Amino acid sequence: MTIRSLGGMIDLFIVRGNSTENAVSLIQEIIGATYSPPEWAFGYHLCRWGYNSSDETWSVNQKMREAKMPQEVQWNDIDYMDGKKDFTFDQDAFASLPQVINDIHENGQKYVVIIDPAISTTANYYPYVNGIGEDIFIKDETGAPAVGEVWPGATVFPDFTHPNSNNYWLEMLSFLYTQGVEFDGIWIDMNEPSNFVAGSSKGCPISSLNSPKFELPVVDKSLFAKTLCPSYNQSGGTHYDLHNLYGLHETKATSYALKALNSDLKPFILSRSTALTSGRHAAHWTGDNFSKWEDLKYSITAMVNLNIFGIKMAGVDVCGFQGPNAEEEMCVRWHQMGVFLYSFFRNHNTIGAPGQEPFVWSSKGQDAIRIALEKRVELVPYLSSTFKTESMFIRPIWNSTIDTQFWVGRNIMVCPILGPAMQSLDCFFPEAGNWCNVFETNSCVQVDSENPIRQIETEMNSIPAFYAPKTATILQKKAMTLTKARQLPLDLVLNLKNGEAEGEVVFDDGETVNSESLLLKITVKNSLLKLSCETDSKSKKNLESKLQRNLNIERIIKTGSSFKDSKLRFNRGNLFLNKNLLVLTEFCSKEFEIYLQ
């Protein structure tokens, strides 16, 4: 191993595990646990740069409802700002934004806005005046605030290592919120930090930090191309030492602010710039990708890599951010793969490009995307539980040369469609047994160890995604929002192997930091279904009210067939019934076994 550095601070850990997964767990022990996002973060998010008014934003949200497309979160890019200045909103084009946000909230949805770190130097602009008073900005070689250029023009950059930075950032976000922009989460962008001029408006002084003696394999072969001068000063040291941590420090300040604004709620933050430990505070997306099949494919590797290093809430711009313009088939396939691959699942598009929202495509394309989004809603209990209980949300097929398939937790394996007009594809099944389609549980592939690769026919309305043998998976009913889905009963999907299956799911209220929780364990042996649960609640009564969700199972779906509990025969104990439902809260006081006919 050769490590070459220009200087700075290095903490080097060498991790040896007895398996790849064990090594990943050891890495994450060093990094720290991934933060627990609110459940709505697992829903479908819709955004673009180029929603030019609050009326247009509202119209897009309404069209999603009219098209019966599940959507959890509506976003706005920098268009909503007044002159692209942080912590403002355009009082003309976005005059009705507070009313639009209120309508979104009344529909059970959430709203997220973008904030860039660079602060305009416009006279009498409150965030600038306040920051100067707090002496909060990064300094140039003269001790004055370093001036660069970003969207609003001349800008200065908060020093997030400054002892007053957390309170400054809290005050600014509170200032925006009290204007009626009642956001549920914050998107922090351009936080490498990005700068439209090299170093500053006056360049960078000649120094060993700004101009190393050997050529660097970076943009323009310069350490200050499109960013700040490394020699500039922050409270915690030189920007040279702190540059790669700028996004992390802004993330931590944003997390502090959101928790201070509402200490009861789990914060949601999306950051473009990340470093080790960023996953303890925020989600990440991979930035400005392209609307190409290649980028769809590359995102699989990106998600695996991020998961290894503890950034499990991650995604890409579904359908691609920038040119060429998105094509319908690619956008459909990207949504279908995104249902499983991205814990953070957002469609985002650039300004000036044709729309790529689900409702713009043909009726067939819309149908396929609608089915995918409905499946995402159904899977959220499994996805959020996987996020809480597994070291990796997405895993590769370990110990193989397969680099395009992936696991979602332990129960679901996906063989994505990565090119146009594919009538079939070869899928590798790493275990013998019955692998059943997530979209159609009656459709199964029987695999033996001698022939692990099978050719799978494809169709427009789904991609090959399979329940693994010996798995038990809890689903919820499809609905337009997760809030509505939580009010509906659950389904239990059993994919047996030799009469056995197992699985678990964790329920909480989905929003609050100190929510009580319920762990439901599911095991099947010799065709006997055993349900048991553990809860940290002081009282096992009123769990549905405490967890803000329906805790009843309406259907037990055995792959290859489905039947309701009326066809079940009970080996022992009493089954508590309420309008033909299995009432899970009754299982918290006693274990039950149910014989599967």
Side-chain angles (χ1 to χ4, degrees), residues 44-53 55-71 73-80 84 93 112 114 151 187 189-190 194 270 272 285-303 314-342 344-373 376 404 416-423 458-463:
Y44 180 65
H45 304 242
L46 187 59
C47 183
R48 79 163 296 160
W49 180 18
Y51 291 148
N52 294 314
S53 68
D55 287 347
E56 185 176 357
T57 303
W58 185 82
S59 175
V60 166
N61 192 261
Q62 292 298 308
K63 288 177 181 177
M64 287 290 286
R65 301 182 202 182
E66 292 165 3
K68 305 297 183 186
M69 297 287 183
Q71 180 192 353
V73 192
Q74 182 65 54
W75 294 52
N76 273 123
D77 207 316
I78 58 174
D79 316 277
Y80 81 94
K84 299 183 175 63
V112 174
I114 191 172
W151 298 114
W187 168 21
D189 193 17
M190 306 286 287
S194 185
L270 178 71
R272 188 169 80 179
W285 97 111
T286 57
D288 299 347
N289 62 346
F290 290 88
S291 297
K292 297 180 178 180
W293 288 99
E294 293 91 337
D295 282 49
L296 183 156
K297 178 182 177 181
Y298 295 154
S299 71
I300 299 172
T301 302
M303 293 305 103
V316 304
D317 289 339
V318 173
C319 301
F321 176 74
Q322 55 191 326
N325 297 332
E327 298 175 351
E328 179 169 324
E329 183 187 5
M330 183 196 67
C331 199
V332 167
R333 296 306 190 194
W334 212 321
H335 276 89
Q336 290 170 338
M337 184 179 76
V339 165
F340 304 96
L341 181 59
Y342 312 129
F344 170 64
F345 185 27
R346 183 184 70 161
N347 181 341
H348 182 43
N349 194 9
T350 191
I351 194 167
Q356 59 189 36
E357 297 89 352
F359 55 76
V360 306
W361 307 112
S362 70
S363 59
K364 289 184 178 180
Q366 289 188 47
D367 288 345
I369 293 177
R370 186 182 302 106
I371 290 169
L373 298 184
R376 175 70 172 211
T404 55
I417 297 172
L418 304 175
M422 293 184 64
Q423 303 299 313
T458 64
E459 57 181 47
M460 185 64 170
N461 284 342
S462 67
I463 62 170

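These figures come from a predicted structure and were not determined experimentally.
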| query | Using a distance-only test with no angle check, is there a side-chain donor-acceptor pair under 3.5 angstrom linking Asn289 and Ser299? | reply | no
- Is Trp361 atom CH2 crowded by more than 12 heavy atoms from other residues, nucleotides or ligands, each under 6.0 Å away? yes
- prompt: Just wondering, are more than 12 heavy atoms of other shown residues or ligands nearer than 6.0 Å to CZ in Phe359?
  reply: yes
Worksheet item: Is the backbone of Trp293 close enough, under 3.5 Å, to the side chain of Arg333 for a donor and an acceptor to pair up by distance?
Response: no
Value for CG (Asn76) from OG1 (Thr57), rounded to nearest 0.5 Å, stands at 4.0 Å
Value for CG (Leu341) from CD (Gln336), rounded to nearest 0.5 Å, stands at 13.5 Å
For Lys364, is there an ion pair with Asp367 - N to carboxylate O distance below 4.0 angstrom? no
Exactly one of Asn347, Asn325, Asp317 clears side chain to side chain donor-acceptor pair (under 3.5 Å) with Gln356, and that residue is Asn347
On the 0 to 90° scale, with breaks at 30° and 60°, tag the Phe344-Trp75 ring pair as parallel, tilted or perpendicular. tilted
Output for pair (Leu296 CG, Thr404 OG1), nearest 0.5 Å, gives 11.0 Å
task = Return yes if some donor-acceptor pair links the side-chain N/O of Ser291 with the main-chain N/O of Gly323 below 3.5 Å, else return no.
result = no
So do the side chains of Leu46 and Met69 get within less than 4.5 Å of each other, counting heavy atoms only? no
query = Do Trp49 and Ile78 touch side chain to side chain, with heavy atoms closer than 4.5 Å?
reply = yes
In this structure, CZ of Phe321 is separated from CG of Asp295 (nearest 0.5 Å) by 13.0 Å
Does atom CD (Glu328) have a neighbourhood of more than 12 heavy atoms from anything else shown, all under 6.0 Å? yes
Interatomic distance, CD@Gln74 vs OH@Tyr44, rounded to 0.5 Å, equals 10.0 Å
When every non-hydrogen atom of Gly287 is compared with those of Arg272, the smallest separation belongs to CA-CD, 4.5 Å
Less than 4.5 Å apart, any side-chain heavy atom of Glu294 and any of Lys292? yes
In the structure I gave you, are the side-chain heavy atoms of Asp79 and Arg48 within less than 4.5 Å of one another anywhere? no
Closest non-hydrogen contact found for Ile300 with Pro416 is CD1-CG, 3.8 Å
query = Hey, what's the ring geometry for Trp187 with His348, parallel, tilted or perpendicular (30° and 60° as the breaks)?
reply = perpendicular
- prompt: With under 30° as parallel and over 60° as perpendicular, where do the rings of His335 and Phe345 fit, or are they tilted in between?
  reply: perpendicular
Beyond-backbone contact of Val73 with Arg346, side-chain heavy atoms, under 4.5 angstrom:
no
Gln322 and Asp288 have their tightest heavy-atom pair at NE2-O, 2.8 Å
Item to complete: Evaluate the criterion side chain to side chain contact (heavy atoms under 4.5 Å, CB included) for residue pair Met303 and Val316; output intermediate values, then yes/no.
Response: CA-CA 9 Å; Met303 293 305 103; Val316 304; 3.9 Å; yes
* To do: May I have the step-by-step check of side chain to side chain contact (heavy atoms under 4.5 Å, CB included) for Met337 and Val318, ending in yes or no?
  => CA-CA 9 Å; Met337 184 179 76; Val318 173; over 6 Å; no
Rounding to 0.5 Å, atoms OG (Ser59) and CE (Met64) come to a distance of 12.5 Å
side-chain contact (heavy atoms from CB on, under 4.5 Å) test vs Asn61 passes for just one of Gln71, Glu56, Glu66, namely Gln71
#### Entry: 4.5 Å side-chain heavy-atom contact, Trp334 and Tyr342
yes
All heavy atoms of Arg376 vs all of Val339, minimum pair found to be NH1-O, 2.7 Å
Any side-chain heavy-atom pair of Trp285 and His45 under 4.5 Å: no
For Pro70 and Leu373, the nearest pair of non-hydrogen atoms, with its separation, is O-CD1, 3.5 Å
Tightest non-hydrogen contact, residues Gln366 and Pro358, listed as CG-O, 3.3 Å
